[in-house]
Amino acid sequence: MAYRHGEGVVRARAPLRLGLAGGGSDVSPFADQYGGAVLNATIDRYATASYRPRTDGLVELVATDLGERETLSLTPELPLHSGLKLHRAVYNRMTRDYNDGRPLPMTLLSHVESPMGSGLGSSSALVVALVTLLAGVLGAPLGEYEIARLAFDIERKDLGLAGGRQDQYAATFGGFNFMEFAADERVIVNPLRIRQDTICELEASLVLLFTGASRESATIITDQARSVASGGKSLEAMLQLKAEAFEMKEAVLFGNIDDIAQVLRRGWEAKKSTSGSVSSPEIERTFEAASQAGALAGKVSGAGGGGFMMFITQPERRADVIKALEAASGQRPTTARFTARGTETWRPIFRTT
């Protein structure tokens with residue numbers, strides 16, 4: 001029996017993340033003027049990408065989770081006004097910067113284990129996975145900060161998509177990270193060494209519920225930008241969100257679930273004060289059902305308005321919380337495990353005989 005690497009096939013993956021505290025303070029202009037701080041952790045859901053070379057002079061882009069496929073003729077740059085825009089933008093940037101602008105025929109296939117707009121950083125994880133993949137194919141010697149910054153530039157500048165800065169760095173570095181954001185798009189990632197018993201207890205306490213893709217993130221980001229300019233209660237809430245990231249770092253390092261839940265609860269209340277679109281009557285009813293069943297705290301992951309809700313509960317009460325959430329929402333709650341590894345690439349091995 002013989003084995004070999006499969007005909008130029010290369011794969012990559014990047015993990016999705018949960019925002020534990022400080023989300024929103026990584027968005028400009030707040031991060032530029034006041035500095036932002038976020039604590040997040042990656043979970044065992046991934047954006048996966050695969051590359052296969054072609055000899056017919058075409059570029060095929062496939063998103064299996066979306067059921068979308070497109071085949072394009074080679075051009076110096078693929079148009080970005082339609083189709084699989086994230087794939088196209090990564091292809092354009094990587095061939096321009098790391099293949100001397102020469103088009104490269106290929107099949108580029110992806111799958112994301114969470115819907116876009118879920119609040120888990122799905123879009124950014126996909127871009128990070130695609131950048132990591134093509135960096136491996138093209139032999140581009142990119143470090144972690146370079147991959148994350150390039151993914152950020154592709155989303156925010158090449159495509160003009162609104163959003164913060166934490167997602168690209170979370171997907172690239174992986175694990176529990178305390179991140180600081182400053183003017184001129186400067187980012188410092190501080191990996192945290194969390195005790196294994198704390199990780200196990202957090203995993204046993206965690207419940208996730210998907211409420212449907214958020215359609216409010218652009219509105220929320222606009223409201224947050226306006227709050228920085230106008231000051232008042234919204235700006236105070238943003239400053240509180242930043243402060244909660246430091247509190248959460250201490251709570252996670254000490255490993256006290258009650259303290260983690262308390263910080264999570266305060267952060268959620270501050271988050272709701274930054275924009276009227278963060279929560280909704282449906283979200284509040286869901287929180288109430290979880291609380292009555294024993295949840296210690298919860299929040300909407302990401303900008304808000306929808307996507308995944310996360311709850312912290314005593315492990316002994318988790319089954320009760322899951323049952324209550326299912327009854328209240330009609331959706332099946334899930335759990336997750338935390339991951340230590342960030343984006344990675346590999347070449348699969350196939351059996352030949």
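Just so it is clear, the model here is predicted, and its values are computed rather than measured. Counting from 1, the numbers follow the sequence of the chain as shown.
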**Q** I want to know whether Phe311 and Phe287 have ring centres closer than 6.0 Å.
**A** yes
**Q** Mind checking whether Leu20 and Ile260 have side chains closer than 4.5 Å, heavy atoms only?
**A**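 No; the side chains remain at least 4.5 Å from each other.
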**Q** Indicate if Leu133 and Leu86 have the same hydrophobic cluster label, given that clusters are the connected sets of ILVMFWY residues with side-chain heavy-atom separations under 4.5 angstrom.
**A** yes
**Q** Hey, are Arg149 and Glu185 close enough for a salt bridge, meaning a charged N less than 4.0 Å from a carboxylate O?
**A** yes
**Q** May I have the step-by-step check of side chain to side chain contact (heavy atoms under 4.5 Å, CB included) for Val187 and Gln166, ending in yes or no?
**A** CA-CA 9 Å; Val187 181; Gln166 65 163 309; over 6 Å; no
**Q** If you count the non-hydrogen atoms of other residues, nucleotides and ligands that lie under 6.0 Å from CD in Glu282, is the total more than 12?
**A**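 Open.
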**Q** Heavy-atom count check: over 12 atoms from other residues, nucleotides or ligands less than 6.0 Å from Arg69 CZ?
**A**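 For Arg69, atom CZ is not crowded (no more than 12 foreign heavy atoms under 6.0 Å).
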**Q** Can you find a pair of side-chain heavy atoms, one from Asn190 and one from Lys249, that are under 4.5 Å apart?
**A**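 No. Closest side-chain heavy atoms not under 4.5 Å.
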**Q** For Gly119, does its backbone N or O pair with a side-chain atom of Ser301 as donor and acceptor, under 3.5 Å?
**A**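 Yes, because the side chain of Ser301 sits within donor-acceptor range (under 3.5 Å) of the backbone of Gly119.
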**Q** With rounding to the nearest 0.5 Å, note down the distance linking OG in Ser291 to CZ in Arg265.
**A**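 Output value for this atom pair is 8.5 Å.
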**Q** If Ile, Leu, Val, Met, Phe, Trp and Tyr residues are connected whenever their side-chain heavy atoms lie under 4.5 Å apart, and connections chain through other members, are Leu18 and Val189 in the same group?
**A** no
**Q** Indicate the atoms forming the closest heavy-atom contact of Leu16 with Gly121, along with that distance.
**A** CD2-O, 4.3 Å
**Q** I need the Thr42 OG1 to Asp167 CG distance, nearest 0.5 Å.
**A**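 The distance works out to 12.0 Å.
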**Q** Please confirm whether Phe178 and Phe246 have ring centers closer than 6.0 angstrom.
**A**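 Centroid separation for Phe178 and Phe246: below 6.0 Å.
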**Q** Check whether Leu253 and Phe173 end up in the same hydrophobic cluster, where Ile, Leu, Val, Met, Phe, Trp and Tyr are linked by side-chain heavy atoms less than 4.5 Å apart.
**A**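 No, because Leu253 and Phe173 fall into different hydrophobic clusters, even though each may have its own neighbours under 4.5 Å.
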**Q** Taking Lys323 for its side chain and Ala293 for its backbone only, find out whether a donor-acceptor pair lies under 3.5 Å.
**A** no
**Q** Could you measure the distance from the CG atom of Leu72 to the CG atom of Leu58? Nearest 0.5 Å is fine.
**A** 8.5 Å
**Q** Does Leu192 reach the side chain of Leu39, with side-chain heavy atoms less than 4.5 Å apart?
**A** yes
**Q** Is any side-chain heavy atom of Thr211 less than 4.5 Å from a side-chain heavy atom of Thr286?
**A**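 No, their side chains stay 4.5 Å or more apart.
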**Q** Report yes or no: do Gln240 and Glu236 form a side-chain donor-acceptor pair below 3.5 Å?
**A**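 Checked: Gln240/Glu236 side chains show no N/O donor-acceptor pair below 3.5 Å.
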**Q** Does NZ or CZ of Arg165 fall inside the cone over Phe181's six-membered ring, less than 6.0 Å from its centre and within 45° of the axis?
**A** no
**Q** Measuring from Ser114:OG to Phe210:CZ, what's the distance to the nearest 0.5 Å?
**A**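 Rounded to the nearest 0.5 Å, the OG-CZ separation comes to 6.0 Å.
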**Q** Report the residues that fulfil side-chain contact (heavy atoms from CB on, under 4.5 Å) with Glu68, sequence neighbours left out, ordered by chain and then residue number.
**A** Leu66, Leu84
**Q** Give me the ring orientation class for Phe338 and Phe176: parallel if the planes are under 30° apart, tilted from 30 to 60°, perpendicular past 60°.
**A** tilted
**Q** Side chains of Gln196 and Cys200: closer than 4.5 Å at any heavy-atom pair?
**A** yes
**Q** Tyr51, Leu74: one ILVMFWY side-chain cluster at the under-4.5 Å cut-off?
**A**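 Yes, because Tyr51 and Leu74 connect within a single hydrophobic cluster, where side-chain heavy atoms sit under 4.5 Å apart.
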**Q** How far apart are the C-alpha atoms of Leu209 and Glu326, what are their side-chain angles, what is the distance that settles it, and do they pass the side chain to side chain contact (heavy atoms under 4.5 Å, CB included) test?
**A** CA-CA 9 Å; Leu209 177 71; Glu326 187 170 13; over 6 Å; no
**Q** Please name the pair of heavy atoms, one in Ala171 and one in Ala125, separated by the smallest distance, quoted to 0.1 Å.
**A**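 So the two residues come closest at CB-CA, 3.8 Å.
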**Q** Using atom types as modelled and distance alone, determine if a side-chain donor or acceptor of Asp153 lies under 3.5 Å from a backbone N or O of Ala151.
**A** no
**Q** Do you know which of Val62, Val137, Val59, Leu61 makes side chain to side chain contact (heavy atoms under 4.5 Å, CB included) with Leu108?
**A** Leu61
**Q** So which atom in Leu142 and which in Tyr98 form the shortest heavy-atom distance, rounded to 0.1 Å?
**A**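 Leu142 and Tyr98 have their closest heavy atoms at CD2-OH, 3.3 Å.
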**Q** Mark yes or no for whether Ser122, through its side chain, and Pro115, through its backbone, hold a donor-acceptor pair below 3.5 Å.
**A** yes
**Q** Over all heavy atoms of both residues, which pair between Met309 and Val300 is shortest? Give the atoms and the distance, please.
**A** CG-CG2, 4.0 Å
**Q** Determine whether the side chains of Arg318 and Thr313 contain a donor N or O and an acceptor N or O closer than 3.5 Å.
**A** no
**Q** Would you call Trp268 and Ser279 a side-chain contact if the rule is heavy atoms closer than 4.5 Å?
**A**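 Answer yes - side chains close enough.
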**Q** Evaluate the side-chain proximity of Leu161 to Lys85: yes if any heavy-atom separation is below 4.5 Å, no if none is.
**A**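 A side-chain contact under 4.5 Å is absent here.
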**Q** With a 4.5 Å cut-off on side-chain heavy-atom distances among I, L, V, M, F, W and Y, is there a chain of contacts connecting Ile147 to Met179?
**A** no
**Q** Output, in order, the C-alpha distance, side-chain angles, deciding distance and verdict of side-chain hydrogen bond (donor to acceptor under 3.5 Å, both in side chains) for Thr172 and Glu144.
**A** CA-CA 6 Å; Thr172 301; Glu144 292 169 322; over 6 Å; no
**Q** Can Thr334 and Arg45 be said to form a side-chain hydrogen bond (donor to acceptor under 3.5 Å, both in side chains), step by step?
**A** CA-CA 12 Å; Thr334 61; Arg45 300 187 186 190; 2.7 Å; yes
**Q** Could you go through the side chain to side chain contact (heavy atoms under 4.5 Å, CB included) check for Arg17 and Asn177 one step at a time?
**A** CA-CA 10 Å; Arg17 62 101 185 102; Asn177 290 294; over 6 Å; no
**Q** Regarding Lys272 and Glu284, does a basic nitrogen lie under 4.0 Å from an acidic carboxylate oxygen?
**A** yes
**Q** To the nearest 0.5 Å, what is the distance between CZ on Arg88 and CD on Glu70?
**A**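 One finds 4.0 Å between CZ of Arg88 and CD of Glu70.
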**Q** I'd like to know whether Leu206 forms a side chain to side chain contact (heavy atoms under 4.5 Å, CB included) with Glu203, so could you lay out the CA-CA distance, the side-chain angles of the two residues, the decisive distance to 0.1 Å, and finally the verdict.
**A** CA-CA 5 Å; Leu206 183 65; Glu203 290 176 346; 5.8 Å; no
**Q** With distance as the sole test, does Lys271 use its side chain to make a donor-acceptor pair with the main-chain N or O of Val278 at under 3.5 Å?
**A**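 Answer holds: no.
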**Q** Can you name the nearest heavy-atom pair linking Val131 to Met94, along with the distance?
**A**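 Of all heavy-atom pairs spanning Val131 and Met94, the closest is O-CE, 3.8 Å.
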**Q** Please indicate whether Tyr145 has more than 12 foreign heavy atoms, meaning atoms of other residues, nucleotides or ligands, lying under 6.0 Å from its OH.
**A** yes
**Q** At their closest point, which heavy atom of Leu241 faces which heavy atom of Gly23, and how far apart are they?
**A** CD1-O, 3.6 Å
**Q** Measuring from Asn40:CG to Leu120:CG, what's the distance to the nearest 0.5 Å?
**A** 11.5 Å
**Q** Any donor-acceptor pair under 3.5 Å linking the side chain of Thr345 with the backbone of Arg11?
**A** yes
**Q** Any side-chain heavy-atom pair from Tyr91 and Leu130 closer than 4.5 angstrom?
**A** no
